K.L.:
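Quick one: the structure is below, and I'll ask about it shortly.
Keep in mind the model is a prediction, meaning the values are calculated, not measured. Both counts, for ligands and for their atoms, begin at 1 and track the order of listing.
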Amino acid sequence: MNKGFQLFPEQASTLAAQVDYLYFFLIAVSLFFSVLIFFLIYVFAVRYRRKSEQEVPEQIPGLLKLEILWSVIPFLLCMVVFVWGATLYFDTYSPPKDALEYYVVGKQWMWHIQHPTGQREINELHVPTGQPIKLTMATEDVIHSFYIPAFRVKRDVVPGRYTSMWFEATKPGEYHLFCAEYCGTKHSQMRGRVVVMEPADYQNWLSGGVANEPLEVIGEKKFRQLACHTCHVDKPDARGPSLVGVFGEPVRLQNGQTVTVDETYIRESILNPNAKIAAGYRPVMPTFKGQIDEVGLLQITAYIKSLTKE
Ligand code: HEC
Ligand SMILES: [Cu+2]
């Protein structure tokens with residue numbers, strides 16, 4: 001992890017080099033103009049200095065060509081930075097379709113990570129190379145920020161909602177994992193490691209660990225414990241809407257609007273059921289605020305996601 005002095009962290013993801021190129025470009029442009037400006041200040045100071053007490057400088061009424069030149073060049077430079085930066089931003093924030101979904105919950109002062117296959121880790125994240133990975137993240141308490149310098153990814157984890165990020169690791173090894181948002185007394189200890197492995201080694205690691213139940217299986221248990229199933233059964237006369245096959249689909253609300261069922265909508269439906277009422281149902285669902293934590297919410301969400309129509 002710490003091999004002597006390094007100016008930059010290793011480049012260990014598909015995006016890392018691209019982020020660095022943009023960064024170097026910005027540094028180069030800034031350096032070029034800083035040097036140019038300092039140089040010209042001295043040249044002009046010497047060349048146009050006042051040579052005698054009586055000297056009155058010649059008035060220059062302005063030069064259109066020059067004005068156009070010094071407007072157009074900076075404009076073009078800004079556009080290059082804008083287009084380049086925006087493209088990279090969209091790449092960084094749109095996970096590929098085939099990304100594996102991991103769940104991350106921040107908590108003072110540790111990272112709680114769940115693999116799609118059920119493995120759970122604290123302050124450690126094992127991932128295979130060559131596989132896009134999407135992290136869906138929540139926090140139990142305050143703002144944290146999930147930061148893997150070697151992958152050049154960082155995203156805030158904000159109370160009350162989900163954020164996500166993705167990466168594809170390229171080089172096996174161990175990398176730093178940090179919380180990059182001051183989050184209390186032990187913020188500086190809220191760190192861990194990311195272990196990147198060849199796909200075969202990753203499979204070994206998965207099978208070697210404690211066989212945890214997959215997320216959706218735990219989710220199903222929670223669903224029963226909290227008696228969600230008393231209302232949400234897949235029958236026409238049930239008190240609550242069927243949750244089978246709803247994920248990713250649009251749902252009509254009482255007020256005529258349509259929303260897509262995603263993690264955020266499910267979360268809100270559980271914690272604040274009256275915020276959006278599904279059309280054709282009465283607002284009888286109680287809130288489960290205080291009865292379920294972020295980890296539980298993710299488990300139930302995984303369960304609802306797994307309920308597909310045969
Ligand atoms: C007392 C019956 C009842 C219980 C218990 C109940 N719900 Fe609901 N639920 C409803 C009704 C009625 C609606 C539709 C009206 C609304 O949107 O509030 C609903 C809506 C939802 C929706 C939105 C679905 C959609 O199609 O819009 C989700 C998700 C949901 N419930 C999940 C749960 C979960 C998870 C639990 C257990 C933690 C639970 N519910 C417990 C009655 C219930
Ligand atoms: Cu933190």
K.L.:
How are the rings of His115 and Trp205 set to each other: parallel, tilted or perpendicular (split at 30° and 60°)?
P.N.:
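If you compare the ring of His115 with that of Trp205, the planes turn out tilted.
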K.L.:
Provide, line by line, the atom pairs where ligand 1 and the protein bring an N/O atom each to a distance under 3.5 Å; else say none.
P.N.:
from	atom 1	to	atom 2	distance (Å)
ligand 1	7 (N)	His232	NE2	2.8
ligand 1	9 (N)	His232	NE2	2.8
ligand 1	17 (O)	Lys276	O	3.2
ligand 1	17 (O)	Ala278	N	3.0
ligand 1	18 (O)	Pro273	O	3.3
ligand 1	27 (O)	Tyr265	OH	2.5
ligand 1	31 (N)	His232	NE2	2.7
ligand 1	40 (N)	His232	NE2	2.7

K.L.:
What pair of heavy atoms forms the shortest contact from Ala169 to Phe151, and how long is it?
P.N.:
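Taking Ala169 first and Phe151 second, the nearest heavy atoms are CB-CZ, 3.8 Å.
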K.L.:
Listing by chain and number, which protein N, O or S atoms are under 2.8 Å from the Cu ion (ligand 2)?
P.N.:
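Near the Cu ion (ligand 2), the protein supplies His144 ND1, Cys179 SG, Cys183 SG, Met190 SD.
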K.L.:
With Gln299, which of Lys222, Glu220, Lys221 fulfils side-chain hydrogen bond (donor to acceptor under 3.5 Å, both in side chains)?
P.N.:
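Answer to the side-chain hydrogen bond (donor to acceptor under 3.5 Å, both in side chains) test with Gln299 among Lys222, Glu220, Lys221: Lys222.
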K.L.:
With sequence neighbours excluded, what pairs up with Tyr162 under the side chain to side chain donor-acceptor pair (under 3.5 Å) test?
P.N.:
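Partners of Tyr162 by the side chain to side chain donor-acceptor pair (under 3.5 Å) criterion come out as none, since no residue qualifies.
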K.L.:
Check step by step if salt bridge (charged side-chain N to carboxylate O under 4.0 Å, His left out) holds for Glu216 and Lys305.
P.N.:
CA-CA 8 Å; Glu216 63 261 26; Lys305 274 186 185 177; over 6 Å; no
K.L.:
Can you classify the ring geometry of Phe178 versus His176 as parallel (below 30°), tilted (30 to 60°) or perpendicular (above 60°)?
P.N.:
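Because their plane-to-plane angle is under 30°, the rings of Phe178 and His176 count as parallel.
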K.L.:
For Gln114, what residues pass the side chain to side chain donor-acceptor pair (under 3.5 Å) criterion, not counting sequence neighbours?
P.N.:
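With neighbours one apart ignored, the set is empty.
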K.L.:
Would you confirm whether the ring centroid of Tyr93 sits within less than 6.0 angstrom of the ring centroid of Tyr89?
P.N.:
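Centroid distance Tyr89-Tyr93: below 6.0 Å, so yes.
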K.L.:
Quick one: closest heavy-atom pair of Pro273 and Met285, and the distance?
P.N.:
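Closest pair (atom of Pro273, atom of Met285, distance): CG-O, 3.4 Å.
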